[in-house]
There are 2 protein chains.
Amino acid sequence: MTAAAGDGTVAKALEVLDLVAGFGHPVRFSDLLDHSPYPKATLYRLLQTLVAQRMLSFDPDRSTYTLGLRLVRLAHAAWDQSALAPIARPHLDVLSAEVGETVHLAQMDHAQVLYVDKRNARDPIPMYSQAGKVGPAYCTGVGKAMLAYLPERDLPGILSQQSWHPFTPKTVTSTAAMMQELATIRARGFAFDDEEHEPGIICVAVPILSTGGAVLGALSVTSTTARTTLDNLAQLAPRITQIARTIGQETTNWRFPEETAHPNRKRA
Amino acid sequence: MTAAAGDGTVAKALEVLDLVAGFGHPVRFSDLLDHSPYPKATLYRLLQTLVAQRMLSFDPDRSTYTLGLRLVRLAHAAWDQSALAPIARPHLDVLSAEVGETVHLAQMDHAQVLYVDKRNARDPIPMYSQAGKVGPAYCTGVGKAMLAYLPERDLPGILSQQSWHPFTPKTVTSTAAMMQELATIRARGFAFDDEEHEPGIICVAVPILSTGGAVLGALSVTSTTARTTLDNLAQLAPRITQIARTIGQETTNWRFPEETAHPNRKRA
DNA sequence: AAAACAAGTTTCAAATAATGGAACCTGCAA
DNA sequence: TTGCAGGTTCCATTATTTGAAACTTGTTTT
């Protein structure tokens, strides 16, 4: 269902990678077997391939599998290459210093929100430990901010993939209600998360748009009801929006450096 | 040569991933075609698969490929799961604060050194931008520190894979000389890099060992000949060793939490 | 405007690799 | 010794991958 089927060996191998990643700790063959749709021999061979490719590493003492170092290497490249995250980093530092609250940078992945960077309030937790996590789009500030500015034709598909699980009494739980909410967000220019995901957690979020208007990601400042109110957070919106606009512009320039002319490209 | 051949579709797909990663920026189909051993149609289908799996993302406006968000997600998991890096992190912070110089955490990957975390001297560059790089084992402090404590039976294989390129006049450039050097390192307990990789760059490095003596990684403090000397750096060795031992112990405990007894494990 | 071209996409029979049920190891425990 | 669970290997069947060539599409050149 997730992927795979008669899709391709690559898909299956990646599903196995996800499976190992999901455990969050070294796993034995039989653990994986119990949780995978593949027969013993198939899974075994997939694991062998992945280990040979160093996408997984195998600890012979414990006979367990872990995610491999090649993955870390690729990730480094992925991060550097993604236009948004490296460009946004210094701006996150600035924003974090100014507001002193938790700051999130997120992008859409599939129909979910992927946190790609983060600054913590007091003593900042290094991003790696936090980023990389995915969250629901329909009940987070960053998620709603992005949804609100997505092309209309993409929305139905994405909304239909939301779980609409009512995490709290304030969670928006239907496509219809969400369409309403998104209109409000567009009118307002930024999104709130009013304890829709976790009780006591509130945030303001703004979309990061390319100069062409495409959604690149979202930026948010998060706090708790114990410390502040939505109204107070709303005060920050102009500043956050300003920073998001800068990030959007810089990213657009990075992605389309030769806006003025397009001379013949030559190959390597 | 690198991998693949008649090896498996997965290997080929991963090679394509590496290829994209190698460019360091979005690439067009034809760029990849020029640098890949695969015929047009094959490469095309591999790319399609990877995009479908969100390991790559395709920008239709520019018709370019970039590393995808699924990769970022997997990589974060890889980092979190690797026993060494998350455990070492706070210790790196401590060491960095104490010595005020560049600190590296590395692991062996294949026969090379993979930097998995880093602290910079003045204003620390966040790790993601630096870590993930690989370097040669035979001419870096961390590399030699790890080589010195590897099981003897693994050494020949690994040494035979070194390029022995003489980066500087001081670079060790033969297996024989290296065996000598490794003996010295074992006797001394830590390794130097005496401008063997880059002129003017020197460092002290110690291995991080499990309580069983297995090489988990290495920890180093790097500086320049303009700022200090090897003798001065050597003064730091006891402290670095102490920290490395702590990291080694904590990591060992994390990996083998039930050292005392091993009751019947049950499955999920 | 027509022709030539470059870049990307699709086709299809042949070749190859993946599949998975079952047999087979290998400790370890009863 | 026997039984058993966790791993590993076999191999005929099956399904996927392969890649030369044909085909689109969009862009220069004449």
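By convention in this document, chain letters (A, B, ...) are assigned in the order of the sequence lines, proteins followed by strands, and residues within each chain are numbered from 1.
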Looking at [options], which one has an atom nearest to any side-chain atom of [X]?
| X | options | result |
| --- | --- | --- |
| Tyr65(B) | dT9(C), dA18(C), dG20(C) | dT9(C) |
| Thr42(A) | dG20(C), dA7(C), dG7(D) | dG20(C) |
| Lys12(A) | dG19(D), dG7(D), dT19(C) | dT19(C) |

Suppose we screen for side-chain hydrogen bond (donor to acceptor under 3.5 Å, both in side chains). Which residues come up paired with Gln249(B), at least two apart in sequence or across chains? none
Residues in side-chain hydrogen bond (donor to acceptor under 3.5 Å, both in side chains) contact with Tyr65(A), at least two apart in sequence or another chain: none
Sequence neighbours left out, what passes side chain to side chain contact (heavy atoms under 4.5 Å, CB included) with Ala218(A)? Give chain and number order. Val142(A), Ala145(A), Met146(A)
Set of side chain to side chain contact (heavy atoms under 4.5 Å, CB included) partners for Arg54(A), sequence neighbours left out: Arg70(A), Arg73(A), Asp109(B), His110(B)
According to a strict under-4.0 Å criterion, is Ser30(A) in side-chain N/O contact with OP1 or OP2 of dG7(D)? yes
Pair up each side-chain donor or acceptor in residues 147-158 of chain B with any protein partner under 3.5 Å, not counting sequence neighbours, and list the distances.
none

Please tell me whether Gln107(B) and Tyr115(B) have a donor and an acceptor in their side chains that are separated by less than 3.5 angstrom. no
Nucleotide [N], atom [atom2] - distance to [atom1] of [X] in whole Å:
| X | N | atom1 | atom2 | value |
| --- | --- | --- | --- | --- |
| Phe29(A) | dG27(C) | CZ | P | 18 Å |
| Glu15(B) | dT17(D) | CD | P | 17 Å |
| Leu47(A) | dT19(C) | CG | C1' | 15 Å |
| Leu32(A) | dT8(D) | CG | C1' | 16 Å |
| Tyr38(A) | dG20(C) | OH | C1' | 14 Å |
| Leu46(A) | dA18(C) | CG | P | 9 Å |
| Leu33(A) | dT19(C) | CG | C1' | 15 Å |

5'-most by nearest nucleotide on DNA chain D - Val10(A) or Ser63(A): Ser63(A)
Distances for protein N or O near nucleotides 9-12 of chain D N or O, under 3.5 Å:
residue, atom, partner, partner atom, Å
dT9(D), OP2, Tyr44(A), OH, 3.3

